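Below is one structure, written out as structure tokens, with a few remarks after it.
Keep in mind the model is a prediction, meaning the values are calculated, not measured.
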Amino acid sequence: MSEQITTINPATEEEIAQYQLMTDTEVTEAIEKCHAAFTGWRTRSAAERADVMRAIGQGLRDNADAMAKLMTREMGKLLTQSHQEIELCAQICDWTAGNGPDALKVEKRDIGEGQTGHIVYSPIGVIYGIQPWNYPAYQVVRYSIANLMAGNGVLLKHASNVTGSGEMLGRIYREAGLPENLFTVLRASHDQSDAVIEHDLVRGVTLTGSPVAGEVVGAKAAKALKKTVLELGSNDAYIVLEDADLDVAVKACVQGRVYNNGETCIAAKRFVVVDAIYDAFREKFVAAMKGLKAGDPTADDSDIGPMARKDLRDELHEQVQESVKNGATILAGGEMPDGKGYFYPATVLEDVTAGQPAYDDELFGPVAALIRAKDAEDAMRIANDSRFGLGGGIFSRDVDKAVEMAAAHFDTGMVFVNGFGLANPAMPFGGVKRSGYGREHGGFGLHEFVNAKAIHVTET
């Protein structure tokens with residue numbers, strides 16, 4: 001008998017469902033069937049594929065209530081935020097359907113010497129995605145819709161604790177008209193996942209996860225000479241300059257830290273505030289964080305739901321304790337609560353310096369690190385003093401100055417000025433340094449796993 005996956009509601013610690021892991025034979029057959037479906041799909045016109053992407057977006061909206069409730073049960077995000085996630089996914093489908101055909105059309109270039117160049121973006125085959133639990137729908141839609149639009153087949157290994165969400169997405173895709181087996185959810189073990197990466201019919205691998213997972217998956221794919229896109233963790237810094245609107249900055253920074261229960265790779269995590277307004281920011285920020293309520297994610301009066309798993313909460317608490325041991329001060333929260341559910345309070349740490357987890361590492365939960373900077377230059381130095389480089393933010397009334405700082409100095413893939421953001425279908429998404437490589441959204445994801453084929457035509 002194959003092993004089982006058991007999903008648990010993190011708010012109640014009660015079992016939701018059980019799922020059987022696939023056998024090795026079933027995994028291999030799934031890869032082969034996906035490739036067979038790809039051979040037909042690749043011949044469809046971009047316009048035909050776009051119609052299916054648009055239908056998937058509508059399918060997500062039609063199933064939003066059921067999908068949102070399942071996502072909240074499986075990983076604990078606020079129900080309102082589950083609905084927001086599904087709407088973002090539908091918008092990604094709409095954007096891809098509307099812009100994909102132009103992004104994939106043949107380009108012609110005059111290349112001189114009586115020659116014309118044709119650049120053709122050809123699909124390459126089956127793309128394997130290994131995705132995490134924190135955005136059960138978005139993480140899947142982000143890579144799969146671009147690759148399906150490009151003409152590829154897609155395999156998904158979802159995080160085990162959101163297995164039900166992955167299965168529901170597969171059903172929505174099929175009901176929207178996607179050919180059978182073209183998008184396949186694999187209920188696979190780590191050893192089976194390694195075999196998927198090595199399989200000859202798998203042509204590319206994409207992972208969203210931790211830097212350690214990125215190292216492992218990237219190395220295995222590289223050994224098999226397969227391209228990867230890696231979206232990894234970060235400890236994004238949000239800089240608050242002297243001329244910032246404090247109320248705007250505090251509201252956005254609180255939202256940026258606790259949205260999705262703080263379990264977001266591109267969440268605001270380190271808050272670097274210049275000395276001139278540090279005390280004023282701290283007072284407002286700490287008060288706002290103390291006012292947040294952790295509770296039932298389906299209740300209207302809850303500001304934060306539970307963390308997704310017990311081990312994740314334990315690890316976060318250990319990071320807080322280790323930071324305090326090395327000099328940090330707790331201004332709010334920081335205590336492990338009693339009772340059912342994997343809840344953790346909104347927490348603020350001060351006196352955060354290098355050598356503490358709150359400064360050096362990613363704290364994947366509702367814990368904020370306050371850092372004092374001398375001035376704007378010092379704030380940017382602190383922001384860039386990180387192994388990571390996914391996102392970041394700048395608050396200033398001088399928007400031109402903030403944009404110039406972001407463009408010239410912020411060593412990240414994304415910067416948000418005077419606000420907190422997650423993703424936009426029209427803008428590239430991805431990071432640098434140990435936050436990974438490759439880009440998704442904004443048309444960039446459409447070109448990650450295609451063959452940019454050069455055809456040279458000599459005039460006769």
Side-chain angles (χ1 to χ4, degrees), residues 22 24-43 103-104 117-132 139-140 142-158 181-186 188-233 389 413 428-441 443-456:
M22 291 176 163
D24 292 349
T25 299
E26 287 172 332
V27 171
T28 299
E29 288 176 348
I31 298 171
E32 292 170 348
K33 289 178 180 178
C34 186
H35 175 77
F38 154 73
T39 60
W41 180 250
R42 67 176 301 171
T43 65
L104 296 167
H118 298 248
I119 301 171
V120 179
Y121 296 105
S122 299
I124 60 174
V126 176
I127 307 302
Y128 180 39
I130 303 169
Q131 299 302 321
Q139 304 285 16
V140 178
R142 188 174 70 201
Y143 89 96
S144 65
I145 293 299
N147 280 294
L148 292 168
M149 180 66 225
N152 292 319
V154 173
L155 300 172
L156 165 66
K157 181 188 183 300
H158 218 334
N181 302 315
L182 189 67
F183 173 84
T184 300
V185 180
L186 302 178
S189 68
H190 288 297
D191 288 343
Q192 289 173 323
S193 180
D194 291 346
V196 174
I197 294 172
E198 296 166 0
H199 198 287
D200 287 343
L201 293 178
V202 174
R203 296 288 299 274
V205 182
T206 180
L207 164 89
T208 300
S210 70
V212 173
E215 289 177 354
V216 172
V217 169
K220 291 183 182 298
K223 186 176 180 181
L225 296 180
K226 295 177 184 180
K227 183 179 180 179
T228 51
V229 169
L230 303 178
E231 195 281 281
L232 310 177
F429 186 101
V432 295
K433 298 190 282 187
R434 285 185 66 78
S435 290
Y437 52 77
R439 291 294 180 271
E440 296 168 303
H441 293 328
F444 294 87
L446 288 164
H447 289 164
E448 286 286 358
F449 291 105
V450 294
N451 173 14
K453 189 185 302 181
I455 301 173
H456 299 252

For Ser193, check side chain to side chain donor-acceptor pair (under 3.5 Å) against everything at least two apart and list the hits. Tyr128

Who pairs with Val154 by side chain to side chain contact (heavy atoms under 4.5 Å, CB included), at least two apart in sequence or on another chain? Tyr143, Ser144, Asn147, Leu148, Phe183

Just jot down the side chain to side chain donor-acceptor pair (under 3.5 Å) partners of His199, sequence neighbours excluded, or say none. none

Sorted by chain and residue number, the side chain to side chain contact (heavy atoms under 4.5 Å, CB included) partners of Lys227 (sequence neighbours excluded) come out as Glu448, Phe449

Apply ring pair (Phe, Tyr, Trp, His ring centres under 6.0 Å) to His447 and list each qualifying residue two or more places apart in sequence or on a separate chain. Tyr121

Who passes side chain to side chain contact (heavy atoms under 4.5 Å, CB included) against Thr39, sequence neighbours left out? His35

Side-chain donor or acceptor of Asn152 paired with backbone N/O of Gly125 under 3.5 Å: yes

What pairs of residues pass the salt bridge (charged side-chain N to carboxylate O under 4.0 Å, His left out) test when at least one of them lies in residues 148-158, not counting sequence neighbours? none

Which pairs with one or both residues in residues 201-224 pass side chain to side chain donor-acceptor pair (under 3.5 Å), sequence neighbours excluded? Gln131-Thr208, Arg142-Thr208, Glu215-Arg434

Excluding sequence neighbours, so at least two apart, what forms side chain to side chain contact (heavy atoms under 4.5 Å, CB included) with Asp24? Gln192

Could I get the full list of side chain to side chain donor-acceptor pair (under 3.5 Å) partners for Lys33, not counting sequence neighbours? none

Listed partners of Asp194 passing side chain to side chain donor-acceptor pair (under 3.5 Å), at least two apart: none

